[in-house]
Chemist: 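Sharing a structure with you now.
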There are 2 protein chains.
Amino acid sequence: MNAVDGKPGLRERKKQRTHAAISDAAIALFLEHGFNQVSVAQVAEAAEVSKRTLFAYFPTKEDLVLHRLADHETESARVVRARPPRTTPLAALREHFLRGLRERDPITGLNDHPQVLRLTRMILDAPSLAARMEGFRSGAERALAQALVETAGTSDLTARLAAVQIVGVQWTLAQDNAARLAYGQSADERCAGAVADAEEAFRLLENGLRHLSRQ
Amino acid sequence: MNAVDGKPGLRERKKQRTHAAISDAAIALFLEHGFNQVSVAQVAEAAEVSKRTLFAYFPTKEDLVLHRLADHETESARVVRARPPRTTPLAALREHFLRGLRERDPITGLNDHPQVLRLTRMILDAPSLAARMEGFRSGAERALAQALVETAGTSDLTARLAAVQIVGVQWTLAQDNAARLAYGQSADERCAGAVADAEEAFRLLENGLRHLSRQ
DNA sequence: GAGTAATTCTGCACCTGGTATACATTTACT
DNA sequence: AGTAAATGTATACCAGGTGCAGAATTACTC
C-alpha cells in the first residue's frame, strides 16, 4: 500500500495478478491432465514463474487447488455468530444450509456446473487433496466450537461435541449430493431429495439417535 | 507356511522379525529425536535393512508409527456387529467406551504410561501423523455406517449420519482426555471426570442438541 | 528525476519420501 | 543337491519442498 492513500500500489497489484496467474495455470493443467500427472515445475513454467516463487505464493501443491475453499472453514462459525436474536445455532445453520441448496452453493454438493463437477472429481480422485479436505473439516469443527462457546454459553466440551456432530452432518449431506451428481443426476432433479435429506438430518441432530434402531 | 503342518515357516518368522525390527527401530528413533528429524534412510540403517525393503514392509513413513492403530479403525463397527441381542448400537458402543476407560485403553486417551504419553505427543506434534489419524477417523465412520446398515436396518444416509456423529463424539472424548493427561493430570485423577463426560456425551447423542442453547 | 533501501524474483544446489530396474541372496520344495 | 519362487539390495531416479546468494523491481527520499 502507498503511504498516503489506501489504494494498493503497483507491488500489491502485481502480487495479486501473479497469485491468480499461478492458480489459474495450475487448475487448468490439473483439470486437463490430472492432479498427480502434473508437476509443480510444469505449473510454474506455465505461469511463467520460477518454482521458488510458486512456493512463495502457495505453501504446498494442494493449496494450488484448495486455497479457494479455505474460507469455508469458518463459514459455520460465522453463521452462528451472525444469527438473528432468539435463534438457536442449529436453526441458523439449518436455514443457511437450505439456502445453500436453493442457491446451488458448491459447498452443499448441489452444483452441477461442469467445471464444479470436474473439480469435485479431481479432488476425490487425488488422495492428498481428499486428505486436506478432511483437515478443513476439523478446522471447521474447531471454529464452530469456539463460536458456540462464545455465543451460546455452553461448556467447552459440549460445544466441541455439538460442533463435531453438526459439521459431520453437513459434510455427509454435501458428500452425498456430490456423489449423486457425479453419478449423472442433475442438480434440479436432486434438489427436492437433497432438501428432504437435509431436513431429516437436522431433525436427527435435534432429536438424537434414540430411534436409530429398535433392537 | 509349510505345506503339511499349519506352522509358519522360517520365511514367515523372518518376515515378522524384520517387520518388528523396523517398527521398533523407527519408534525408538522417532521418540528420541522427533518424527520429522529422522529420515527413513536412518531408520532403515538402524534396522539393518535397505530403504527399499523398509518400504516393502511399510508403504509410508507414517505407517511406521501408525500401523499399530490400524485395527482400531474397524473397532466400533465390530462392537456394533457383535452386540448382544436386544441391545441398541448406541448402548453397545457406550458400554464399550466406558469399559475402555476403566481398562485404560489408550484409544480412549485415558492411559498415562510414559510411552503412551510420548507417542501421543509425537503424533500431535507431527502434522502428517495427525492428518493420517483424521484418515483413520473417516475410515471408522465408513465401517460403522456399513455395520449399522447391515445390523440395524437403517437407510444408508441415516447410517452415515449416525456414524459420523458417533465416531466424532468418541474421537472428541478421547482427544479431551489425552489433552488433559498431556497437561499433567494422571489417569486416575481424570477417570471420574472422563466417565462423567462420556456419559454426558452419549446422552447428548441419544437426545440430540435440542437443549444446546436457549436463545 | 537520481539514488538508495526494502521487497521480490530467480537459479541453483540440496534434502527427503518414494519408486523402477536389474541383480544377488535366501528359502522351500522335489 | 538342485531348482523355482520369493525376498533383499544397490543404484539411479523422480517429485515436492527449502536455503542461499545475487539479480531485478518497486518504493521512498531528497
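Lettering follows sequence order; numbering is per chain, from 1.
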Chemist: Just to verify, what does A:Glu150 make a salt bridge (charged side-chain N to carboxylate O under 4.0 Å, His left out) with, not counting sequence neighbours?
Modeler: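 A:Glu150 satisfies salt bridge (charged side-chain N to carboxylate O under 4.0 Å, His left out) with A:Arg81 only.
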Chemist: Where do A:Ala187 and A:Arg104 come nearest, in terms of heavy atoms and distance?
Modeler: CB-NE, 3.6 Å
Chemist: Whole angstroms only, please: what is the CG-P distance between B:Leu129 and C:dG17?
Modeler: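 Going from CG in B:Leu129 over to P in C:dG17 covers 12 Å.
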Chemist: Rounded to whole Å, how long is the line connecting atom NE2 of B:His19 with atom P of D:dT7?
Modeler: 14 Å
Chemist: Using OP1 and OP2 only, check whether a side-chain N or O of A:Lys61 sits under 4.0 Å from D:dA15.
Modeler: no
Chemist: So which heavy atom on A:Trp171 is nearest to which on A:Met133, and how close?
Modeler: CH2-O, 3.3 Å
Chemist: So, does A:Tyr57 get its side chain near the phosphate of C:dC9, meaning an N or O under 4.0 Å from OP1 or OP2?
Modeler: yes
Chemist: Which of the following nucleotides, D:dT26, D:dT9, C:dG11, is nearest to the side chain of A:Arg52?
Modeler: C:dG11
Chemist: For the pair made of CZ in B:Arg17 and P in D:dG8, what is the distance, rounded to whole Å?
Modeler: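 Result: 12 Å.
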Chemist: Hey, can you pull the donor-acceptor pairs under 3.5 Å for the side chains in residues 92-103 of chain A, sequence neighbours left out?
Modeler:
from, atom 1, to, atom 2, distance (Å)
A:Arg94, NH1, A:Glu206, OE2, 2.9
A:His96, NE2, A:Glu75, OE2, 2.7

Chemist: Any side-chain N or O of B:Lys14 below 4.0 angstrom from OP1/OP2 of D:dT7?
Modeler: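 No, no such contact exists.
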Chemist: What is the separation between atom CZ on A:Phe30 and atom C1' on D:dG16, rounded to the nearest whole Å?
Modeler: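 Computing the A:Phe30:CZ to D:dG16:C1' distance gives 11 Å.
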Chemist: Among D:dT26, C:dT19, D:dG17, which nucleotide has an atom closest to any side-chain atom of A:Phe55?
Modeler: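 For A:Phe55, the side-chain atoms sit closest to D:dG17.
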Chemist: Select base, sugar-phosphate, or nothing to describe what A:Phe58 touches, counting heavy atoms under 4.0 Å on all strands.
Modeler: nothing
Chemist: Taking the side chain as every heavy atom from C-beta outward, state whether B:Asp105 and B:Leu110 have any atom pair closer than 4.5 Å.
Modeler: no
Chemist: Roughly, in whole Å, what's the span from CZ in B:Arg132 to P in C:dG17?
Modeler: 15 Å
Chemist: Give the rounded distance in Å between these two atoms: CG of A:Asn36 and P of C:dT19.
Modeler: 12 Å
Chemist: Which pairs of donor and acceptor atoms, one on a side chain in residues 52-60 of chain A, lie under 3.5 Å apart (sequence neighbours left out)?
Modeler:
from, atom 1, to, atom 2, distance (Å)
A:Thr53, OG1, A:Ser50, OG, 3.0
A:Thr60, OG1, A:Glu62, N, 3.4
A:Thr60, OG1, A:Glu62, OE1, 3.4
A:Thr60, OG1, A:Asp63, N, 3.3
A:Thr60, OG1, A:Asp63, OD2, 2.8

Chemist: Show the atom names and distances, to 0.1 Å, of all donor-acceptor pairs under 3.5 Å that link a side chain in residues 21-38 of chain A to residues at least two apart or in another chain.
Modeler:
from, atom 1, to, atom 2, distance (Å)
A:Ser23, OG, A:His67, NE2, 3.0
A:Ser23, OG, A:Arg68, NH2, 3.3
A:Asp24, OD1, A:Arg68, NH2, 3.4

Chemist: I need the minimum non-hydrogen distance between A:Arg121 and A:Ala182, along with the two atoms involved.
Modeler: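 It is NH2-O, 3.8 Å.
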Chemist: With heavy atoms under 4.0 Å as the rule, sort A:Ser39 into base, sugar-phosphate or nothing.
Modeler: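 Sugar-phosphate, backbone atoms only, no base.
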Chemist: To the nearest angstrom, how far is A:Leu54 atom CG from D:dG17 atom P?
Modeler: 9 Å
Chemist: Without swapping roles, check the side chain of A:Thr158 against the backbone of A:Thr154 for a donor-acceptor pair under 3.5 Å.
Modeler: no
Chemist: So how far is it from A:Asp197 CG to A:Leu173 CG, rounded to the nearest 0.5 Å?
Modeler: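 The CG atom of A:Leu173 is 7.0 Å from CG of A:Asp197, to the nearest 0.5 Å.
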Chemist: Show each protein N/O and nucleotides 23-25 of chain C N/O combination with a separation under 3.5 Å, one pair to a line.
Modeler:
none

Chemist: How long is the line joining CD of B:Glu62 and P of C:dG17, in whole Å?
Modeler: 9 Å
Chemist: Residues from residues 40-51 of chain A sitting under 4.0 Å of DNA chain D, heavy atoms only?
Modeler: A:Val40, A:Lys51
